Engineer: 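Structure below; questions to follow.
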Amino acid sequence: MDAKVHALLNEQINKEFYSAYLYLDFSNYFEEAGLEGFANWYKVQAQEERDHAMLFYTYLQNENMKVTLDAIAKPDKELTSHMAVLEAGLEHEKYVTSLINDIYAAAYDVRDFRTMQFLDWFVKEQGEEETNANDLITKMELFGSAPKSLYMLNQELAARVYTAPSLVL
């Protein structure tokens, strides 16, 4: 495996674990605000991100490449309002999409088709992640200011359950 591709894949493990930390921080914010449904939504999101990290981890191991685990940064977003949290989530998903695209481009440059195929799932997943984050913002804009509507949205988000990714390595 190309050294640059290897380094980017290894760094992505850390970025995915950071995403899980960030979403746990978001969940904590909503838990403290009494919005357990929103908190649940972000707990599920954190589980997804941990699994994404493990997919990168397993891929590197399956390719007989060294995995180096670095310290995970503390989330640094200032959570000032419900909407600010949702907007930070969308901003973060766009950032992760850019990271996946960078790895894909590096793999493409060296014709690492196996890594490109592995990343195809993440490219699709990031499209879904951005859509979900955007949908949350839209729903909050439409319903979030009225207490009864916020309650109903909170109930909807409480119903989200975790589903492990179906990517075969």
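Here, residue 1 is the first one in the sequence, and each next residue gets the next number. What you are looking at is a predicted structure, and each value in this text was computed from that prediction instead of being measured. As a basis for the values below, the full set of heavy atoms in this structure was taken, side chains included, without hydrogen atoms, waters or symmetry mates.
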Engineer: Within the 3.5 Å criterion, strictly below it, is a donor on Tyr29 or His82 matched to an acceptor on the partner's side chain?
Structural biologist: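 A donor-acceptor contact under 3.5 Å links the two side chains.
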
Engineer: Under a 3.5 Å cutoff, is there a donor and acceptor pairing between the side chains of Tyr23 and Lys43?
Structural biologist: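 The answer is no; no qualifying pair exists.
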
Engineer: If we only count heavy atoms from C-beta on, is the Ile103 to Phe118 side-chain gap below 4.5 Å?
Structural biologist: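 Heavy-atom side-chain distance check fails, nothing below 4.5 Å.
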
Engineer: Below 4.5 Å, heavy atoms only, C-beta onward: do Leu119 and Phe56 meet side chain to side chain?
Structural biologist: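 Yes, side chains in contact.
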
Engineer: Just verifying a value: how many Å separate Met54 CE and Gln61 CD, rounded to the nearest 0.5 Å?
Structural biologist: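 With rounding to 0.5 Å, CE (Met54) is 7.5 Å from CD (Gln61).
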
Engineer: Do Asn14 side-chain atoms and Asp70 backbone N/O form a donor-acceptor pair below 3.5 Å?
Structural biologist: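 At least one qualifying donor-acceptor pair exists.
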
Engineer: Which heavy atom in Ala39 sits nearest to a heavy atom in Ser27, and how many Å separate them?
Structural biologist: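 Shortest heavy-atom separation between Ala39 and Ser27 comes out as O-OG, 2.8 Å.
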
Engineer: Considering non-hydrogen atoms only, spot the tightest contact between Gly37 and Asn154 and give its length.
Structural biologist: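 Nearest pair, atom of Gly37 first, then Asn154: N-OD1, 2.8 Å.
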
Engineer: Please name the pair of heavy atoms, one in Met140 and one in Leu86, separated by the smallest distance, quoted to 0.1 Å.
Structural biologist: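 Smallest heavy-atom distance, with atoms named: CB-CD1, 3.6 Å.
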
Engineer: With a 4.5 Å limit on heavy-atom distance, are the side chains of Tyr18 and Pro75 in contact?
Structural biologist: yes

Engineer: Does Arg111 count as lying over the ring of Tyr108, i.e. NZ or CZ under 6.0 Å from the six-ring centre, within 45 degrees of the axis?
Structural biologist: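 Yes, a cation-pi geometry holds between Arg111 and Tyr108.
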
Engineer: With a 3.5 Å cut-off and sequence neighbours excluded, list the donor-acceptor pairs that the side chains of residues 122-129 form with protein atoms.
Structural biologist:
residue : atom : partner : partner atom : Å
Lys124  : NZ   : Glu128  : OE2          : 3.2
Gln126  : NE2  : Glu93   : O            : 3.1
Gln126  : NE2  : Glu93   : OE1          : 3.0
Gln126  : NE2  : Thr97   : OG1          : 3.1
Glu129  : OE1  : Gln45   : NE2          : 2.5
Glu129  : OE2  : Gln45   : NE2          : 3.4

Engineer: Shortest non-hydrogen contact from Glu49 to Glu16?
Structural biologist: OE1-OE1, 2.8 Å

Engineer: Rounded to the nearest 0.5 Å, what separation is found between the OH atom of Tyr42 and the CD atom of Glu48?
Structural biologist: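 It is 12.0 Å, given to the nearest 0.5 Å.
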
Engineer: Given side chains that start at C-beta, do those of Val85 and Phe30 come closer than 4.5 Å, heavy atoms only?
Structural biologist: yes

Engineer: Tell me whether Ile13 is reachable from Leu9 by hopping between hydrophobic residues (I, L, V, M, F, W, Y) whose side-chain heavy atoms are closer than 4.5 Å.
Structural biologist: yes

Engineer: Verify the cluster assignment for Tyr151 and Phe38: are they in a single hydrophobic cluster under the rule of side-chain heavy atoms below 4.5 Å apart?
Structural biologist: no

Engineer: Please determine, by modelled atom types, if Tyr59 and Thr115 share a side-chain donor-acceptor pair under 3.5 angstrom.
Structural biologist: yes

Engineer: Might you confirm whether atom CE of Met83 has over 12 heavy atoms from other residues, nucleotides or ligands at distances under 6.0 Å?
Structural biologist: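 More than 12 heavy atoms, drawn from other residues, nucleotides or ligands, come within 6.0 Å of this atom.
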
Engineer: Apply side-chain contact (heavy atoms from CB on, under 4.5 Å) to Val161 and Asn40, showing your working.
Structural biologist: CA-CA 8 Å; Val161 294; Asn40 174 67; over 6 Å; no

Engineer: Is any side-chain heavy atom of Arg114 closer than 4.5 Å to a side-chain heavy atom of Met1?
Structural biologist: no

Engineer: Do Tyr57 side-chain atoms and Leu69 backbone N/O form a donor-acceptor pair below 3.5 Å?
Structural biologist: no

Engineer: Can you see which heavy atom on Leu8 is nearest to which on Ala106, and at what distance?
Structural biologist: CD1-CB, 3.7 Å

Engineer: Please examine the side chains of Ile100 and Gln12, heavy atoms only from C-beta on, and report whether any two atoms are closer than 4.5 Å.
Structural biologist: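 The answer is yes; the side chains approach within 4.5 Å.
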
Engineer: Could you tell me if the side chain of Leu157 sits less than 4.5 Å from the side chain of Leu136, heavy atoms only?
Structural biologist: yes

Engineer: In this structure, would Leu153 and Leu142 fall into the same cluster of hydrophobic residues linked by side-chain contacts under 4.5 Å?
Structural biologist: no

Engineer: About how many Å separate CD of Gln155 and CG of Leu150, when rounded to the nearest 0.5 Å?
Structural biologist: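 Here the rounded value is 10.5 Å.
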
Engineer: With no hydrogens and no angle check, just 3.5 Å: does a side-chain donor-acceptor pair link Tyr104 and Asp120?
Structural biologist: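 Yes.
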
Engineer: Do you know which two heavy atoms are closest between Ile137 and Glu87, and how far apart they sit?
Structural biologist: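 Shortest heavy-atom separation between Ile137 and Glu87 comes out as CD1-CA, 3.9 Å.
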
Engineer: Answer yes or no: is there a donor N or O on one side and an acceptor on the other, between the side chain of Asn10 and the main chain of Thr68, under 3.5 Å?
Structural biologist: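 Yes, because the side chain of Asn10 sits within donor-acceptor range (under 3.5 Å) of the backbone of Thr68.
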
Engineer: Run Lys15 and Tyr95 through side-chain contact (heavy atoms from CB on, under 4.5 Å) and show every step you take.
Structural biologist: CA-CA 10 Å; Lys15 302 291 186 185; Tyr95 169 67; 3.3 Å; yes

Engineer: Side-chain contact test, heavy atoms from C-beta onward, threshold under 4.5 Å: evaluate it for Asp112 versus Asp2 and give yes or no.
Structural biologist: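 No. Closest side-chain heavy atoms not under 4.5 Å.
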
Engineer: Let me confirm one number: the CH2-CD distance from Trp41 to Glu156, rounded to the nearest 0.5 Å.
Structural biologist: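 These two atoms lie 11.0 Å from each other.
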
Engineer: Looking at His52 and Ser19, would you say the former's side chain and the latter's main chain have a donor-acceptor pair under 3.5 Å?
Structural biologist: no

Engineer: Is a donor on one side and an acceptor on the other found under 3.5 Å between the side chain of Asn134 and the backbone of Leu90?
Structural biologist: no

